[in-house]
Structure formats: C-alpha cells, structure tokens
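Mind looking over this structure? Questions follow.
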2 protein chains.
Amino acid sequence: MAPTIRDIARAAGVSVATASKGLNGKGRMRPETRQRILDTARELDFRPNRNASSLTTGRTYTVGLLTRDGYGRFTPPLLGGVEDSLSVDTASLLLCDARRDAVRERHYLDVLAARRVDGLIVTGRATDPAPPLPRSLPFPVLYAYTTSSNPDDSSITVDDEHGGWLAARQLLRQGCRRIAHVTGPISVLAVRERVAGARRALAEAGLELPDELITYGPFAERTGFDAAQKLMADGKVDGIFCGSDQIGRGVADALGGLGVGIPDDVALVGFDNWTLIANATRPGLCSVDMNLYRLGRLAAESLLRAIDGNPEPGIRRLPCSLAIRASCPAPITDSTEWLDDSPLVPDA
Amino acid sequence: MAPTIRDIARAAGVSVATASKGLNGKGRMRPETRQRILDTARELDFRPNRNASSLTTGRTYTVGLLTRDGYGRFTPPLLGGVEDSLSVDTASLLLCDARRDAVRERHYLDVLAARRVDGLIVTGRATDPAPPLPRSLPFPVLYAYTTSSNPDDSSITVDDEHGGWLAARQLLRQGCRRIAHVTGPISVLAVRERVAGARRALAEAGLELPDELITYGPFAERTGFDAAQKLMADGKVDGIFCGSDQIGRGVADALGGLGVGIPDDVALVGFDNWTLIANATRPGLCSVDMNLYRLGRLAAESLLRAIDGNPEPGIRRLPCSLAIRASCPAPITDSTEWLDDSPLVPDA
DNA sequence: GTGAAAGCGCTAACAT
DNA sequence: ATGTTAGCGCTTTCAC
C-alpha cells in the first residue's frame, strides 16, 4: 500500500498535524523539522491522497470538459490551451463527450456533480449559441467556442466578424478591388458574421460585397471548386475570401485547372489556418487563424477566476489573426494580425 | 451546500448506515425502507460524493489517459472508444498531454498517482514501441496504439502488416498486376510493417514488390504527387498502394493532371480512411481503416480487466478493415474486411 | 432488518 | 514550535 501521512509522521518523529503543515508549507516550524518531514516524504515516495484532502478543503482541483459533439477538428488546440492553463493551478481535466445526446449530457452532469468538480467548460462544434445546460449546476460553468444563449452565463468565443474583416482587408491590401466570398451554410452564425466583417472591410475601402458574389454551401472542397468555376466564367473577380481552408483548397484547385494565376490574377484567403490543408494547397493558402489554443487558455483562466468567486458573465469575443502565405502575400503592417502565441500543438 | 448522506438518513428516518446500504443496493432490508431512502434521495437531489466513497472503497473509478505527443489526427476516435467503454463501468477519464516532454510526463504521473487513479492508458502518435514509463506505477498501465518495448507491459495496437496486406490484396482483386507503393518514412515501424504485408499479399499471387517500386517520404501530399509523376514516366504501373490518404490525394491529383484514369488505368488504395480527405479526392479514395474507435474500446476493456486483477501482458494487434471507394472498387468477397462497428465519431 | 461505531487519509482549530 | 482533537462524507464490520 501507498504510504499515508501517518507513515511519514511516524518516520519523521512528529505528529500527523505537524507532518501535514510541513508538507504543505503552512504554519510555523523549525526549518530543520520541515526539512526532515520533506526528506522522509521523498524517501518513502509519499504522494498525498488528493481525494482525501479535497474532502476537507472542499476543492477537488478538477475541472470537467463537456463537449457536446465529439472531438472535432477544433477541439484539440482548445484542449491543449485549457490543459496548460489548468496545470498552473495543478488542476486536472475530466473528459466528457455528450455526442449531441441529451441523455448522455445529463448523465455526465450527474457524474461531474458526484465528483464535485470545481467547474465545467462546455464546448461544441460551432460558435452558435447553444441551449444552456438543463439545470442549475453546483459549480461555475464556462462556455468556450460555443456560447450560451443565456446572457447570465459566461462564454468565450471567436470574433468571426473580426476574422472576416481581417480576411477581406488582406485581399484589399493585396490590391484586389472585386472580391467574392465562397463560404459555408448561411445557417451557421459564424458564416453570417464573417460576411458582415468582410462587408465592413470593403465598405471602409469604398467597395461592396454584393449578394451575387457570395456563394453558400457545405464546408467542403467541392463547394469551392464549383463556385470558382462559376466565378471565373461570369466576371472579373480578383480576390476570393474562402470561408474555410477546405473551400479554399477547392477554389485553388479550380483556378489552377483554369490556368488562373494565384495570387496575381486572383488572390485567395482562407479560414481556419488548418496547416495541413493550407500548406498542401498550391500556392500555400493565406488563412485566418482563430487562435483556439489561446481561446482554451483564456477560457480556463476565466473559469478559475469564477471558481474563486469572480465570475465574468457575458460573451467575450477574441480577435483572430492572419497566417500570411503565398496565395495573398501582402505584408503585415501592424502587429494585431499575428497574435499566435501557441506552442506547437498538433493541428491535424 | 449539497446534501450529504446524513441529510438523507435523517429525512428518511433511518440511520446513516442503513441509508448507505439502501442507496447502494447492499445488505438486506425491507423493500419499503429501501424505497423510502431512494425516494428521499431523489427529492433532495442527492449525489453521493465519490471522493468520499473512494476513500473507503479504495477505488476511484477514474482512469488516466496520457498522450505523449498531443491530440493528433488519431487520438479523437480512440478517445471516443475509451470513453464509451469506461462509461459502462461509470469510470471517468482524466486527460494528460505530456507533449513529448519528459518533465511533463513525470509531473502527470505524479498527479495521477496523487489522485489514485485505478489505471492508465498511454497513447502516442505512432505505433512504434515507446520507452516504458520511467518508474513502476501503483496502478496498471495499458499502451494503446503505441506499444511498450517492455514485453511484460500490455499493449494493444494496429496490425499494420494486415493493413498492408488488405490494401495490396484489394488492388490485386481489382486486377492490378504491377503494383507500386508510395509511403511514409522508412524509420516508422508501421511503414515497414505495411510494406511487409503488401509483399505477403503479392507473394500469394505470385508477384513481387521490388524495392524500386517503393517510394519513402514524408506523410504529405507532395510525396504522393512527386512519386506519381516519376512512376508514370518510368513504366507501366497499374496500381498504387499509398501509405496514407494524404499521399493518396497527392497521387490522385498527379494522375488526374496526367490524364491517367483512376481506377481503370491505375487503381489506388490509401491508408487511414480519413473521410475528409478520402471523399475530397477524385475519385473517392478506397482506404484502409485502422478501426481506432474499436481499438479505444478494447483498450479500455482490457484495462478494466487489469484493474480487476487480470492483466493481459504482451502486444495485441487488431486487424484493419477496408473502406471501398471508387479509386479501387473491387467488391468485398468476405466479411473480415469491414469490421467498422464505430458509431459516428467526428473524424476530422 | 436496522443502527452504533470505527475508520478511510487528510486538514484545521485549538491547545500546549 | 508542536501536538490533540474533531471532522470532511462515506462504507463497513458487528451488535442488537
């Protein structure tokens, strides 16, 4: 059996209470005593039972992560950020995948409550507001990436409007004057916000993004491929803002097939900065990065503050940044576009 | 504060001990008493504190998942399987990403020990044998996907030799006689095993896979693209086994550019069954599926048995299956090739 | 069939 | 500066 604090106390010749204080750096005591306790603890390879201590302290240093629909493309970087921020507080992550299933979700909430987690992070596939969790929970909740439709809840998500603005402005800086947009389904909130952002950027340049130049479709290469064919047949577009890197890849392939030069004839900006795709595209696809690792970090930090009694209700939107590549190489002119402080987190 | 078992006992008019037995379905007691206890527990929304009970029972119903290098492309389906198998035992998953960093790994092992997890699953990016964990742990360990170089440990991984065999045989059944192989770095164990499997399949048909027809390179589209150009220039290959779907995509693009018909001139089989890529390829890329969801399930089940005192040392290799698509559409003739019992797990 | 009592490993007042 | 005591929420003998 693993040694208990009693074993340490006995071996160090002190009482259990003193051993506890010694180990936790609390209370006052002779430095040599503390050292002796620490030494014997090391010798016996003592590891205090966290479950026992959380019984008295009331804190478990455990946070749940409930994902509502699986671990998609966007979860891993977010997870990495969450984990990194939690580990500075020596907190751990309990994983729960509810798979869009209300029964599973309910089940997991029970499990998390039974484990007395200190808090919960809820995430999901899209940034669209999600139905809030079914009942009032005995711990603070933070929605990350996805948002809660209840304004009293705390959410941190991507500023897609800003992302759209960044993308369009990059095309403008490349010299594009007639810009089209090929993107995902209009039912997706992020898609609509990116459109709004792109329009704002164009308006700032005295230009427009008319409805005829926007193509909505599934987030897939095919959408980009087909749309690009049509756009080239119709008129003289000189820049395309693609709503995802997959779409961008499809567009690039179509343009390549038509002998249209990228970026000289038509410049391209994608979205997601999915390096696997962006780098496989010829030429490399310039892309908007949602900084999900950062989102994960900030989400965990905010949750830790909520756990400490300082919740931050409302929706916070984080700016995107730009990964410049050859498909739209206009150089960066200010620093806000490259916020990527992520360490190497596997991205695909 | 959350109600304790004492609250339940008092409200139900029984002792704490009886309440405990009633709630856990243990001991003998009047059915009406048990019912009364259960009812009041529900009324008060009582959720027994698992940390407290694990103090006495010695089991935490928590399993750690240590990934040595991030959440890559292969982790999510594996995670899903692990979670599903654990949840039948109402066990939870504690997530630890060591990021190839020995210090982090050591840290997480301490954390997991302090939390008294019942067991640990270790996973990693490649199936290559990994250095075993640094010291003897106070709980059973199971290596999933990656394997341990210590034969006393338990590992469950993919049978890449079988995968290579499946792929080559599918090409043979399509009628191919001169088959080439474009794959990842030869330093990767899985790459070498797939070569061996492909060779076995060809040998069974009285054919060979000479070294000149094997191209090793990074797991990237470019590798496939370049290799395909060369292969078409050199000789009359009529089938290509691609070591990953990314490579397959590159090969398909090159063939398309050269006007080579797929599958009639050259048939293609990929590896990974990464639907996002396989479906984006024209035509759809037939691919070997490693059944990682299933691997995750079996890993968790084996670990649970180890926790119950029945470890299963050694390395177990799970067969692959085949996802037939248009790039090599020869029909299935036996059932072993399509084992995919996964539910819908997000795949990208 | 039910309850009293002890104890799991640890922390925290309160002595001394 | 150190030890005594009580108790966190639960389970588990062992009496009654």
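Values in this document were obtained by computation on a predicted structure and should not be read as measured data. To find a chain, count down the sequence lines: A is the first, B the second, and so on, and within it residues start at 1. The figures that follow rest on heavy atoms only: side chains count, while hydrogens, waters and symmetry mates do not.
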Would you be so kind as to tabulate the donor-acceptor pairs closer than 3.5 Å made by side chains of residues 17-28 of chain B, with sequence neighbours excluded?
residue, atom, partner, partner atom, Å
B:Thr18, OG1, B:Ser15, OG, 3.0
B:Asn24, ND2, B:Ser20, O, 3.0

Problem - Sugar-phosphate only, base, or nothing, as touched by B:Thr33 at under 4.0 Å among non-hydrogen atoms - result: sugar-phosphate

Exercise for the section: Please determine if A:Asp308 and A:Arg305 form a salt bridge, counting it only when a charged side-chain N lies under 4.0 Å from a carboxylate O. Expected result: no

Handout entry: Contact interval (first through last nucleotide) of DNA chain D with protein chain B, 4.0 Å heavy-atom
Key = D:dC8 to D:dT12

Problem - For the student: nearest non-hydrogen atoms of A:Val82 and A:Ala300, plus distance - result: O-CB, 3.7 Å

Problem - Residue pair A:Ser302 / A:Ile156, side-chain heavy-atom distance below 4.5 Å - result: yes

Practice task
Could you tell me whether B:Arg104 and A:Asp84 have a side-chain N and a carboxylate O separated by less than 4.0 Å?
Solution key: yes

Handout entry: Pair A:Arg115-B:Ser92, side-chain donor/acceptor within less than 3.5 Å
Key = yes

Practice task
Would you give a per-nucleotide map of nucleotides 4-16 of chain C, 5' to 3', where B means the base has a protein non-hydrogen atom under 4.0 Å away, S means only the sugar-phosphate does, and - means neither?
Solution key: B--BBBBBB----

Handout entry: Pairwise distance CG(A:Leu133) to CG(A:Leu109) - rounded to 0.5 angstrom
Key = 5.5 Å

Handout entry: ring pair (Phe, Tyr, Trp, His ring centres under 6.0 Å): pairs with one or both residues in residues 106-142 of chain A, sequence neighbours excluded
Key = none

Exercise for the section: For B:Arg30, report the nucleic acid contact type (base, sugar-phosphate, nothing); a contact means any heavy atom under 4.0 Å. Expected result: sugar-phosphate

Practice task
May I have the step-by-step check of side chain to side chain donor-acceptor pair (under 3.5 Å) for A:Asp118 and A:Thr60, ending in yes or no?
Solution key: CA-CA 6 Å; A:Asp118 293 333; A:Thr60 56; 3.3 Å; yes

Fill in the blank from the handout: ring pair (Phe, Tyr, Trp, His ring centres under 6.0 Å) filter on B:Tyr145, not counting sequence neighbours, yields B:Phe74

Problem - Overall bend - the helix from C:dG1-D:dC16 to C:dT16-D:dA1, comparing terminal axes fitted on five pairs, nearest 10 degrees - result: 40°

